[in-house]
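Data block below; observations after.
One-based numbering, in listed order, for ligands and for the atoms of each. This structure is a prediction, so every number in the text was calculated from the model and none was measured.
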Amino acid sequence: MIELEVALGERSYPIHIGSDSLRQATHWRSALRGRQVLVLSNSTVAPLYLERVLGGLDGLAHASLIIEDGEQHKTFANAGRVLDALARLGANRDATLIALGGGVIGDLGGFAAACWMRGIDFVQMPTTLLAMVDSSVGGKTGVNLAAGKNLAGAFHQPRAVVIDTSTLATLPEREFLAGLAEVVKYGAIGDTAFFAWLETHVDALLARDATALEAAIASSCRHKAGVVARDERELGERALLNFGHTFGHALEVEAGYGEILHGEAVAIGMRLAACLSSRLGLAASKDAERLQALLQRLKLPTRIPPGLQPHRLLERMRLDKKSVSGQLRLILWRGIGQAEVVGGVAESAIEEVLASD
Ligand code: NAD
Ligand code: GLY
C-alpha cells in the first residue's frame, strides 16, 4: 500500500493506493468521523464493487444511492436526489458521503457533500484511471448545467482518497487509454524523468501490469497533490493541469459530447499545444514529435477528427474559462516538462495549427 498526502494544513488528507484497498477498510475507516455514511455509486460500478465498501461499514448507519451511468446524469437534479438520500438517512454534520465510481460520481457526490448542511465530509473511491490520477484529488466538485459543463460547483476537499487499483481490471479499454492521457500530462507539464519512464513502460501499462500501474498512479497523484497544496484555488500553477484542455474542450464540444472521450480530446489537445509552442518558437519541434510518439504508442488519438472546422474550434476556444478580458490564455510549453501559461497568442497562429492537422 502506498500512502501520499495532500498537504492543506488542518484539511490535509491521505491518498491510499493499493491493489485491494477497498476491502482493507482499516486503512480508510479512520476517515469516517461520525456514525452515518451514504455511499453514492452508479448502475455499472455498484454491482462490481459496492459490496467491498459495504463490508467495511459494520456498526455504522449506512445507505446507498445508485444513479444511472453517464455524464448526462451529472446534474443538479441528481445532486438533489443525493441530498434527499442524506435527509432520509437523517445525516448529521458529522456524516460522510462515499463516492464510489469514476469522475462523474466523484464530482456529483463531492458537490452534494459540499451542500448538505453547508458541507460534510466525503471520501473519494475512484474506479476509473482518470478519476484515480486526476478528478478524485484536489477538491473540484460540480455538476453540469444545460448552459455548459461543470458550471455549478464548489471547491470541497475530500477527507481521504482510496484508490483500489484492482478495480481497473473491469474498466473498458477505451476508458483506460483515455486515463493514460492524463498520466502523460503530468510528465509533459513538469517532469521529464517521469515522461522518460512512461516511454520505457508503454507495454507494461498497456498490459495493465499491476506494478507499472501503481507506480504511474502514485507519480501522477504525487504531482497533483503537490500542485493542489501550492495552489488550491487555481490562482496560478494549478492552471498548468489544463495543458491540452483548451483545445481538448473545443474538440469535445464541437464533435458532440460522448463522441470523443475527455482523455482522448486531451491527447489531441496536448499535441496541438506542443505544435503551437514550436510554431511560436517557444520549444523545439522534436519535443512535440516525442509527445506525439508516446501518445500514439499508448493507442491514443493525436489528430483532429475529420469534419471539424478550424474556425469553429477557435470560436469554442474563445469561451475557455482561462480567458481574461476576451484574450485567450493557453497552456503551452518550452519543451517536455516545462509548461507555462501564455497570454496574447495571435489567433491566426492558433488557426494555422488547427488547419494544418
Ligand atoms: P465516468 O465517471 O463517466 O466513468 C467512465 C465509465 O466507466 C462509466 O461508464 C463508468 O460507469 C465506468 N466505470 C467506472 N469504473 C469502472 C470500473 N472499475 N469497471 C468498469 N466500468 C467502470 O468518467 P471519468 O472519465 O471517470 O470521469 C469523467 C468526469 O470527471 C467528467 O464529468 C469530468 O468533468 C470530471 N473530471 C473532474 C475533474 C476534477 O478535478 N474534479 C478532473 C477531470 C475530470
Ligand atoms: N483537473 C484539473 C484540476 O483539478 O485542476
Side-chain angles (χ1 to χ4, degrees), residues 6 22 40-50 52 66-75 78 99-111 114 122 124-144 148-158 161 163-183 185-186 189 208 220-221 223-246 248-249 252-253 257-258 260-266 321-322 331:
V6 183
L22 290 182
L40 176 68
S41 193
N42 77 16
S43 51
T44 303
V45 176
L48 295 168
Y49 303 113
L50 183 61
R52 293 191 190 184
I66 313 302
I67 64 158
E68 299 83 349
D69 187 1
E71 181 72 35
Q72 69 275 28
H73 299 292
K74 200 174 100 177
T75 58
N78 271 333
L100 173 72
V104 166
I105 289 296
D107 281 12
L108 175 70
F111 181 59
F122 84 113
Q124 290 273 20
M125 297 190 174
T127 60
T128 64
L129 183 56
L130 182 136
M132 292 176 186
V133 300
D134 189 359
S135 62
S136 66
V137 176
K140 281 189 183 174
T141 73
V143 295
N144 302 325
K149 235 183 104 131
N150 295 331
L151 282 182
F155 280 99
H156 187 55
Q157 298 293 341
V161 179
I163 297 176
D164 185 334
T165 52
S166 73
T167 62
L168 293 175
T170 54
L171 192 65
E173 178 77 350
R174 199 173 160 199
E175 298 288 351
F176 176 75
L177 297 177
L180 285 177
E182 299 284 3
V183 174
K185 179 186 76 180
Y186 293 108
I189 64 175
R208 306 194 195 192
S220 302
C221 287
H223 271 284
K224 179 131 191 201
V227 172
V228 169
R230 291 188 293 273
D231 180 23
E232 183 184 5
R233 296 280 170 143
E234 200 168 310
L235 302 173
E237 183 188 357
R238 190 163 178 173
L240 300 182
L241 296 176
N242 288 314
F243 185 56
H245 285 56
T246 307
H249 283 152
E252 266 183 280
V253 181
Y257 283 125
I260 312 181
L261 296 183
H262 177 72
E264 294 170 341
V266 167
K321 286 200 216 77
K322 288 185 296 304
I331 313 304

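- The shortest contact between atom 4 (O) of ligand 2 and any protein heavy atom is with Lys224 NZ, 2.5 Å.
- Not a single heavy atom of Glu182 sits less than 4.0 Å from an atom of ligand 2.
- Checked by distance only, ligand 1 and Glu175 stay at 3.5 Å or farther apart across all their nitrogen or oxygen atoms.
- Formation of a donor-acceptor pair under 3.5 Å by the Asn150 side chain with backbone atoms of Gly142 is not found in this model.
- Shortest contact from atom 15 (N) of ligand 1 to any protein heavy atom: Thr127 OG1, 2.7 Å.
- Taking the six-membered ring where the residue is Trp, His223 and Tyr186 present parallel rings, their angle staying beneath 30° rather than reaching 60°.
- Only side-chain heavy atoms of Asn42 come within less than 4.0 Å of ligand 1; its backbone N, CA, C and O stay farther off.
- Residue Tyr49 has no nitrogen or oxygen atom sitting less than 3.5 Å from a nitrogen or oxygen atom of ligand 1, judged on distance alone.
- Taking any N or O of His262, backbone or side chain, none lies under 3.5 Å from an N or O belonging to ligand 1.
- Ligand 1 is approached by Pro172 to a heavy-atom distance shorter than 4.0 Å.
- With a 4.0 Å heavy-atom cut-off, ligand 1 is reached by the side chain of Thr44 but not by its N, CA, C or O.
- Inspection of the Ser41 and Tyr49 side chains reveals no N or O donor paired with an N or O acceptor under 3.5 Å.
- Atom 19 (N) of ligand 1 has as its closest protein heavy atom Thr170 OG1, 2.7 Å.
- Among all non-hydrogen protein atoms, the one lying nearest atom 3 (O) of ligand 1 is Val104 CG2, 3.4 Å.
- Checking side-chain atoms of Asn242 against main-chain N and O of His245 turns up no donor-acceptor pair under 3.5 Å.
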**Report entry** Pair Thr128-Ser135, side chain to side chain contact (heavy atoms under 4.5 Å, CB included): steps then yes or no
**Finding:** CA-CA 10 Å; Thr128 64; Ser135 62; 5.8 Å; no
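- Of the heavy atoms in Lys224, only side-chain atoms (C-beta onward) come closer than 4.0 Å to ligand 1.
- Salt bridge absent: Arg238 and Glu232 never bring a charged side-chain N and a carboxylate O closer than 4.0 Å.
- Looking only at atom types and distance, the side chain of His262 has no donor-acceptor partner in the side chain of Glu71 under 3.5 Å away.
- Checking side-chain atoms of Lys185 against main-chain N and O of Leu241 turns up a donor-acceptor pair under 3.5 Å.
- When the options Val45, Asp134, Asp164 are ranked by their closest heavy atom to atom 13 (N) of ligand 1, first place goes to Val45.
- The option from Gly103, Gly110, Gly138 that lies nearest to atom 29 (C) of ligand 1, judged by heavy atoms, is Gly103.
- Residues Val104 and Asn42 are not in side-chain contact: their nearest non-hydrogen atoms beyond the backbone lie 4.5 Å or more apart.
- Residue-level proximity to ligand 1 for Thr141 is absent, since no heavy atom of it falls below 4.0 angstrom.
- At distances below 3.5 Å, not a single donor-acceptor pair connects side-chain atoms of Glu237 with backbone N or O atoms of Asp231.
- For Asp69, every heavy-atom contact with ligand 1 shorter than 4.0 Å involves the side chain, none the backbone.
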Report task. Take Ser43 and Asp69 through the side chain to side chain donor-acceptor pair (under 3.5 Å) test and state the conclusion after the steps. Result -> CA-CA 6 Å; Ser43 51; Asp69 187 1; 5.4 Å; no
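- In Leu171, the parts holding a heavy atom less than 4.0 Å from any atom of ligand 1 are both the side chain and the backbone.
- The closest approach between a heavy atom of Lys74 and any atom of ligand 1 is below 4.0 Å.
- A ring-centre distance under 6.0 Å is not found for Phe111 and His156.
- Compare Gly101, Ser135, Gly142 by their heavy atoms: the one nearest to atom 38 (C) of ligand 1 is in Ser135.
- Glu173 and Arg208 are joined by a salt bridge, as a carboxylate oxygen and a charged side-chain nitrogen come within less than 4.0 angstrom of each other.
- Of the protein's heavy atoms, at least one falls inside 4.0 Å of atom 43 (C) of ligand 1.
- Looking at heavy atoms from C-beta onward, Asp134 lies in side-chain contact with Lys224 at the 4.5 angstrom threshold.
- Under the 4.0 angstrom criterion for non-hydrogen atoms, Glu252 is not in contact with ligand 1.
- Contacts between Asn150 and ligand 1, counted as non-hydrogen atom pairs separated by less than 4.0 Å, involve the side chain only.
- Here the heavy atom of the protein found nearest to atom 1 (N) of ligand 2 is Asp134 OD1, 3.0 Å.
- Contacts of Glu71 with ligand 1, taken as heavy-atom pairs under 4.0 Å, involve the side chain alone.
- Taking the charged nitrogens against the carboxylate oxygens, Asp107 and Lys140 have no contact shorter than 4.0 Å, which rules out a salt bridge.
- The protein non-hydrogen atom at the shortest distance from atom 33 (C) of ligand 1 is Lys149 NZ, 3.7 Å.
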